[in-house]
Amino acid sequence: MGLVAKDLLTMDQLSVDEIELILSTAKEMKTIIKRDIKKVPTLRGKTVVTLFYEPSTRTRTSFELAGKYMSADVVNISTTTSSVVKGETLKDTGLTLEMMGTDIVIIRHPVSGAPQMLGGYLKGRVINGGDGFHAHPTQALLDMATIKEKLGGFQDLKVAIIGDVLHSRVARSNLSGLMKMGAEVWLCGPPTLIPPGLAELGARVTHNIDEALRGAQVVIMLRIQLERQKAGLFPTLREYSQLYGLNRQRLKLADKDSLVMHPGPMNRGIEISSEVADSLQSVINEQVTNGVAVRMALLYLMLGQKGE
């Protein structure tokens, strides 16, 4: 069994069975990462291209390692040194890559919907590595893999997602995936950083961080995007930190065995204190490892041969 759709664009497109398949495959892939020699021949002869129009450390590097651990040929394209700077369109860049024999393109783009558009042009497969404020399905899947590994499942878990929800593709993808698997998702942030309509999607929405944290088994802190400060969406970073930052005292409101997560990169001392980020409840480093495992699972399910 593989994934139904040609491309992985959003969490909305995945069924419960497909999510379970990805998570169980990622669990197997994690055993490869822990070996001394991290190499299997599964994707030998396949070509993976990362096409990133925005900066990234974790997503890009983990896809690159995922491909290399499975013996695929991996090519990174930096748009600042490619024909994109000469005005080449996304369509032409994609078709050029396809004509070179690329099997799968992982794209990150500042415009929402760009991966969907690229997928429509290409016969090969496309994975959305994050598009605008829209979706980041592989981040949601690695978050879910971390939760399942630590807590065993999702049914009736209270998950609090706190911070800049308005501009967060991570929050949107996690909301979709976690609710599908039976979790209760709370979204919390200043009124200016919470978009309307989330309650209609089934989320619990609050502007009070204590309410969001109370009894939560999982706390996902979102990066406060410092560029938003210029837009005047909150008064000062200091005030934001006082009202919505996660510190040791606040964390006591959550379940005593709660997990603290962050998609990275963190602004220590703003949305999360160093004390919490480095605490035993923090699984931020495990998220990074699971990111490689989930991306290995996706490449295998989308490119691997049956029976391997």
Side-chain angles (χ1 to χ4, degrees), residues 11 19-20 23 26-27 30 58 136 139-165 168 170-190 193-194 198-199 201-224 240-291 293-294:
M11 289 301 294
I19 292 172
E20 291 284 11
L23 298 184
K27 187 178 178 183
K30 198 167 179 182
R58 290 157 191 75
H136 196 350
Q139 179 69 46
L141 287 164
L142 76 88
D143 290 347
M144 293 170 74
T146 308
I147 293 168
K148 184 163 188 185
E149 179 182 77
K150 297 291 184 182
L151 301 179
F154 307 95
Q155 199 63 44
D156 301 325
L157 281 186
K158 179 179 178 179
V159 181
I161 302 177
I162 298 166
D164 184 356
V165 176
S168 177
V170 174
R172 284 170 179 74
S173 291
N174 264 312
L175 176 62
S176 173
L178 288 165
M179 286 186 52
K180 205 172 277 187
M181 302 305 284
E184 178 186 47
V185 181
W186 285 67
L187 299 173
C188 174
L193 294 178
I194 300 277
L198 293 173
L201 297 176
R204 305 288 295 272
V205 179
T206 178
H207 305 303
N208 182 328
I209 189 171
D210 293 353
E211 186 182 15
L213 288 172
R214 198 165 286 115
Q217 285 102 344
V218 181
V219 182
I220 302 175
M221 300 305 295
L222 301 174
R223 179 173 74 91
I224 190 67
Y240 179 88
S241 181
Q242 285 175 343
L243 291 174
Y244 293 101
L246 184 64
N247 54 38
R248 171 64 72 191
Q249 195 59 36
R250 274 209 172 111
L251 187 56
K252 290 177 181 174
L253 290 167
D255 188 87
K256 66 180 176 63
D257 298 317
S258 62
L259 306 179
V260 175
M261 304 173 75
H262 194 299
M266 288 184 283
N267 295 303
R268 287 174 180 258
I270 299 177
E271 70 262 4
I272 188 168
S273 71
S274 284
E275 191 183 19
V276 172
D278 300 329
S279 69
L280 292 175
Q281 284 172 263
S282 168
V283 290
I284 294 167
N285 289 332
E286 283 96 325
Q287 284 175 271
V288 177
T289 307
N290 287 332
V294 160

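- With Arg172 contributing its side chain and Val165 its backbone, the two residues share a donor-acceptor pair below 3.5 Å.
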Next item on the list: Verify side-chain contact (heavy atoms from CB on, under 4.5 Å) between Leu259 and Val219, making sure each step is shown before the conclusion.
Entry: CA-CA 6 Å; Leu259 306 179; Val219 182; over 6 Å; no

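- Annotation for Ala216 and Ala254: closest pair O-CB, 3.5 Å, computed over non-hydrogen atoms.
- Applying the 6.0 Å contact sphere to CD of Gln242 captures more than 12 heavy atoms from other residues, nucleotides or ligands.
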Next item on the list: Dump the intermediate steps for side-chain contact (heavy atoms from CB on, under 4.5 Å) on Val283 and Val260, then the final yes or no.
Entry: CA-CA 6 Å; Val283 290; Val260 175; over 6 Å; no

Check: Yes or no on side-chain contact (heavy atoms from CB on, under 4.5 Å) for Phe154 and Ile147, after CA distance, side-chain angles and deciding distance?
Finding: CA-CA 8 Å; Phe154 307 95; Ile147 293 168; 3.9 Å; yes

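- In this structure, the side chain of Glu211 does not engage the main chain of His207 through any donor-acceptor pair within 3.5 Å.
- Put simply, CD1 on Ile162 and CD1 on Ile220 are 9.5 Å apart, with the number rounded to the nearest 0.5 Å.
- Note that the NZ atom of Lys252 and the CG atom of Asp210 stand 13.5 Å from one another [nearest 0.5 Å].
- Side chain of Ser273 to backbone of Asn247: no donor-acceptor contact under 3.5 angstrom is found.
- Counted by atom type alone, Gln217 and Ser258 present zero donor-acceptor pairs between their side chains at under 3.5 Å.
- Shown here is Lys180, whose NZ atom has more than 12 heavy atoms of other residues, nucleotides or ligands within 6.0 Å.
- Looking at heavy atoms from C-beta onward, Ile209 lies in side-chain contact with Arg250 at the 4.5 angstrom threshold.
- Here the closest heavy-atom approach between residue Met179 and residue Leu201 is recorded as CE-O, 3.1 Å.
- For the atom pair CD (Gln249) and CD (Glu275), the distance works out to 9.5 Å, reported to the nearest 0.5 Å.
- At a cut-off of 3.5 Å, with distance as the only test, a side-chain donor of Gln287 or Asp143 sits close to an acceptor on the other residue.
- Checking each of Gln155, Arg204, Lys158 against Glu184 for a side chain to side chain donor-acceptor pair (under 3.5 Å) leaves exactly one that passes, namely Arg204.
- Nearest approach of Ile161 to Ala171, heavy atoms of both residues: CG2-CB, 4.1 Å.
- Interatomic distance, CG of Asn174 versus CE of Met11, reported as 7.5 Å (0.5 Å rounding).
- Distance check: Ile194 CD1 to Cys188 SG gives 6.5 Å after rounding to the nearest 0.5 Å.
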Item checked: Pair Asp164-Arg223, side-chain contact (heavy atoms from CB on, under 4.5 Å): steps then yes or no -> CA-CA 7 Å; Asp164 184 356; Arg223 179 173 74 91; over 6 Å; no

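- Leu222 CG to Tyr244 OH: the interatomic distance, rounded to the nearest 0.5 Å, is 13.0 Å.
- For the pair Arg58/Gln139, no side-chain contact is recorded, criterion being any heavy-atom separation below 4.5 Å from C-beta on.
- When side chains are defined from C-beta on, Gln281 does not count as touching Lys256, because their heavy atoms never get closer than 4.5 Å.
- In terms of heavy atoms, Leu187 sits closest to Ala203 at CD1-CB, 3.8 Å.
- The backbone N or O of Met261 lies less than 3.5 Å from no partner atom in the side chain of Ser282, so there is not a single donor-acceptor pair.
- Salt-bridge annotation for Glu20 and Lys148: present, with a side-chain N of the basic residue lying under 4.0 Å from a carboxylate O of the acidic one.
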